[in-house]
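For the numbers below, each heavy atom of this structure counts, side chains included, while hydrogens, waters and symmetry mates do not. Given the structure is predicted, the values throughout are model-derived calculations rather than measurements.
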Amino acid sequence: MWAWFHKWSSPRWFYQLSGSVLPWLAALSLITLIVGVIWGLAFVPPDYKQGNSFRIIYIHVPAAAVAMAGYLMMATAGGISLIWRIKLADMVVKCAAPIGAALTFLALVTGAIWGKPTWGTWWVWDARITSVLVLFFLYIGIIALYEAFDNKEAAGRASAILALVGAVNIPIIYWSVEWWYSLHQPASISFTGESSIHPEMLRPLMLTIAGFYCFFGWVLLLQVRNEILHRERNTRWVRDLILPR
């Protein structure tokens, strides 16, 4: 196990191995997103209460779910970076933050669009919405920390600490609709009981969620690979890769 962990923590090994995964992730992302979105937007029947406005769920829910999962992954990488001083984990934190921020922003915007016909307003200081806004600011804070330090090692440590501290916000987001009175509806998907969403609507939703996860992984790998080339540009293996003999 430790040998496998050591190999994956090596920038060179990660770069070489991740290259074979990229085409599969790209294909899965495109297929699942295209099929899931078209299925959900064009073929699923309207909701009996919300009509066609509910269809934004096929963008809003996957974006929010992956934004939260991405932050947890980033916090885990931050912990690994702090404890074992692994360069690759620091790169993951740096590269995941802009992607997570974009997904969180998409979740906030689509939530506002959905809220207008449902609640009659674009925004309310609801517990779920407010905690997702905090998640967006946490992502932005980590991006800003990397830019604020000239010493990138210090920037990595500060960002890892913020990622770990901010992870407490994820269970708040998830359980906010249960802990406080909230206009936001409870989770429609349950992995321990029966989901409240009709199976005909659930199937394309699960497909788009899978697509967003694949997309996140695909873009993250691309970003980390670029970061590896930048940081390891003075090493022999990168010079040989760029200028093969």
Between I170 and L135, does a side-chain contact (heavy atoms from CB on, under 4.5 Å) hold up when you go through it step by step?
CA-CA 8 Å; I170 301 301; L135 177 65; 3.9 Å; yes
Show your reasoning for whether side-chain contact (heavy atoms from CB on, under 4.5 Å) applies to L88 and V224.
CA-CA 8 Å; L88 185 61; V224 172; 3.8 Å; yes
Full working for side-chain contact (heavy atoms from CB on, under 4.5 Å) between M201 and I57
CA-CA 10 Å; M201 299 174 177; I57 195 175; over 6 Å; no
Run the side-chain contact (heavy atoms from CB on, under 4.5 Å) test on F212 and L103 for me, step by step, so that the C-alpha distance in whole Å, both residues' side-chain angles and the decisive distance to 0.1 Å come before the verdict.
CA-CA 9 Å; F212 267 75; L103 288 172; 3.9 Å; yes
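Put simply, CG on L222 and CG on L25 are 9.0 Å apart, with the number rounded to the nearest 0.5 Å. Taking OH of Y58 as the reference point, atom CG of L207 lies at 10.5 Å (rounded to 0.5 Å). Atom CD1 of residue I242 and atom CH2 of residue W237 lie 8.5 Å apart, to the nearest 0.5 angstrom. Atoms CG and CZ, from D90 and R231 in turn, are 4.5 Å apart once rounded to the nearest 0.5 Å. For the atom pair SG (C214) and CG (L30), the distance works out to 10.0 Å, reported to the nearest 0.5 Å. Atom CG of L229 sits about 9.0 Å away from atom OG1 of T235, to the nearest 0.5 Å.
Across every non-hydrogen atom of A96 and F216, the tightest pair is CB-CZ, 4.4 Å. Heavy atoms only, all atoms of each residue included: T32 and A210 are closest at OG1-C, 4.3 Å. Contact between A163 and A75 at its shortest, heavy atoms only, is O-CB, 3.5 Å. Considering every non-hydrogen atom in both G78 and A160, the closest pair reads O-CB, 3.5 Å. Between E200 and P45, the shortest heavy-atom distance links the atoms OE2-CD, 3.4 Å. Closest of all the heavy-atom pairs between S18 and L221 is CB-CD2, 4.1 Å.
Looking at K94 and K152, their side chains never come closer than 4.5 Å, going by heavy atoms from C-beta outward. Considering only heavy atoms from C-beta on, Y15 comes within 4.5 Å of L241 through its side chain. Using a 4.5 Å heavy-atom threshold, the side chains of T110 and V61 count as separate. Taking 4.5 Å as the limit, some side-chain heavy atom of V44 sits within range of a side-chain heavy atom of P204. Contact annotation: the side chain of L28 never approaches that of F215 to less than 4.5 Å [non-hydrogen atoms, C-beta and beyond]. Looking at V109 and F105, their side chains come closer than 4.5 Å, going by heavy atoms from C-beta outward. L108 is listed as a side-chain neighbour of W123, based on a closest heavy-atom distance under 4.5 Å. Counting heavy atoms from C-beta outward, L82 and R157 have side chains that approach closer than 4.5 Å.
When hydrophobic clusters are built by joining Ile, Leu, Val, Met, Phe, Trp and Tyr residues whose side-chain heavy atoms come closer than 4.5 Å, directly or via intermediates, F43 is grouped together with I31. Under a hydrophobic clustering in which Ile, Leu, Val, Met, Phe, Trp and Tyr are joined whenever their side-chain heavy atoms come within less than 4.5 Å, directly or via other members, I209 and W39 fall into the same cluster. M74 is connected to F137 through a chain of hydrophobic side-chain contacts under 4.5 Å among Ile, Leu, Val, Met, Phe, Trp and Tyr, so both are in one cluster. Taken together through direct or relayed side-chain contacts under 4.5 Å among Ile, Leu, Val, Met, Phe, Trp and Tyr, L164 and I172 form parts of separate hydrophobic clusters. Taken together through direct or relayed side-chain contacts under 4.5 Å among Ile, Leu, Val, Met, Phe, Trp and Tyr, I140 and I161 form parts of separate hydrophobic clusters.
Under a 3.5 Å cut-off, the side chain of Y139 and the backbone N or O of A102 do not form any donor-acceptor pair. With hydrogens and angles disregarded, a donor-acceptor distance shorter than 3.5 Å links the side chain of R55 to the backbone of G40. Panel note: side chain R233, backbone H230; a donor-acceptor pair is recorded below 3.5 Å. Between the side chain of S81 and the main chain of A89, no donor-acceptor pair closer than 3.5 Å is present. Between the R239 side chain and the N234 main chain, a donor and an acceptor come within less than 3.5 Å of each other. The closest donor-acceptor contact from the side chain of R128 to the backbone of Y174 lies under 3.5 Å. When atom types are taken as modelled, the side chain of N169 and the backbone of S131 share a donor-acceptor pair closer than 3.5 angstrom. No donor-acceptor distance shorter than 3.5 angstrom exists from the side chain of S159 to the backbone of G156, with no hydrogens or angles considered.
Residue-environment remark: CD (Q16) exceeds the threshold of 12 foreign heavy atoms within 6.0 Å.
Each of I80, L162, I142, L145 was evaluated against V93; a single residue qualifies, I142, per the side-chain contact (heavy atoms from CB on, under 4.5 Å) test. For the pairing with I173, the side-chain contact (heavy atoms from CB on, under 4.5 Å) check across V134, T130, V132 returns one residue only, V132.
Ring-plane geometry between H60 and W114 is classed as perpendicular, the angle between the planes exceeding 60 degrees on a 0 to 90 degree scale with a lower cut at 30.
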